[in-house]
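Each remark here refers to the structure printed beneath this line.
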Amino acid sequence: MGGRRADDLFCKARITWRGAILLGKKVACDAHEPSRPVRVITHAHDDHTRELSRSIKECSWVIMTEATRDLLSVLRRRDIRRLPNVLGLKYNSPFKLGEETLTLFKARHIIGSAQVLVEDEEGSRLLYTGDFKFPGTPVIEADVLVMEATYGRPGQVREFEHEVEERLVELVRSGLREGPVLIFGYHGKLQEVMQILADGGVWAPFIMPRRIYEVTRVCERYGMIVGDYMPEDSSEARELMARGEPYVAFYHSSGYSKVRGPKAAMRITISGWELSRPVREVGKREFIVGLSDHADFKGLLAYVEECKPKLVITDNYRMGSGAILAEEIRKRLGLPAFPMPSRSPIKRDLAEWL
Ligand SMILES: [Zn+2]
């Protein structure tokens, strides 16, 4: 293993123009790749689950954690739990694919998120992190590391990370003194906020549209403590809102302009792109809270250092800064690192590097 050079490893992992992360000879992660018999889904967010139906139709195996499988059954309005080729795999349980072995490891991101390790017949370890937050995600040592690059620019650092949860709880408490609090965010992150508020002793009931309610039920089933929650179309929720009692309502970010709520309501958007401070006031009773489920730039670099790869590939397909992150890894850590997909001739870059 020790002597294996980056150029030998280079053909063992790559990212296609359709956003599929290819590991070894059989596995395609997070997008469909017609030539690959195995599709892996690292987590239930949209940009990692495209063409799922096609993969279910064409692949021998579609592999994900059980929690991701249950979440997708809710989000896609299609029960995929009993399909014979959809496999809910536990963390840390190696699965044989002929000569290769696939293992999912936990990633701190949303419930069910996984890192994917493929070990090939030559003993090379090929790892894809999926989306992850760091610290909080276990580091898996690998020869080739394929990683997300959402916050891959040097300035994208959240110095306030240690205090953001406390500030969020304070803000919601202050809002509840005047009226209801409306919180907007993405699936998974909303449930993390519920957990933070429940842990922080916020006593008001949580109200949400039916779909978010169902996602929350899955999160609870897999161990999250999300407080006292109910769907907004239940009689209990309707009565509570009609009486004008305080409550916290949760909505998907896409509903921000459609959902108004009562006049006295405080509106909070949860966004990882708020990098300047934990809480920013953007209007009358309107705030952005800088809570992210991704590693910031420092976190990404720290993961690479601990992973000790011989080659790094950064995701340049999904929203983020793959090219800049790769350059910073080369400069700061002295490792061969390349963005993919990329229009620049990477093989020549690699030859120059070696
Ligand atoms: Zn994600």
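First listed ligand is number 1; within each ligand, the first listed atom is number 1.
For the Zn ion (ligand 1), protein N, O or S atoms under 2.8 Å: 4 in total.
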**OP:** Kindly determine whether Ser53 and Arg78 satisfy side-chain contact (heavy atoms from CB on, under 4.5 Å), including the steps that lead there.
**Re:** CA-CA 10 Å; Ser53 300; Arg78 177 187 177 191; 3.8 Å; yes
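With Lys298 as the fixed residue, the side-chain contact (heavy atoms from CB on, under 4.5 Å) test singles out one of Gln156, Glu159, Arg158: Glu159. Under the side-chain contact (heavy atoms from CB on, under 4.5 Å) test applied with Tyr251, the options Met208, Arg267, Glu232 reduce to a single match, Glu232.
Residues Gln191 and Phe250 form no side-chain contact, since every pair of their non-hydrogen atoms from C-beta on lies 4.5 Å or further apart. In this structure, Glu165 and Val169 have side chains that are not in contact, with every pair of non-hydrogen atoms separated by 4.5 Å or more. Here the side chains of His187 and Ile212 are in contact, with some heavy-atom distance below 4.5 Å.
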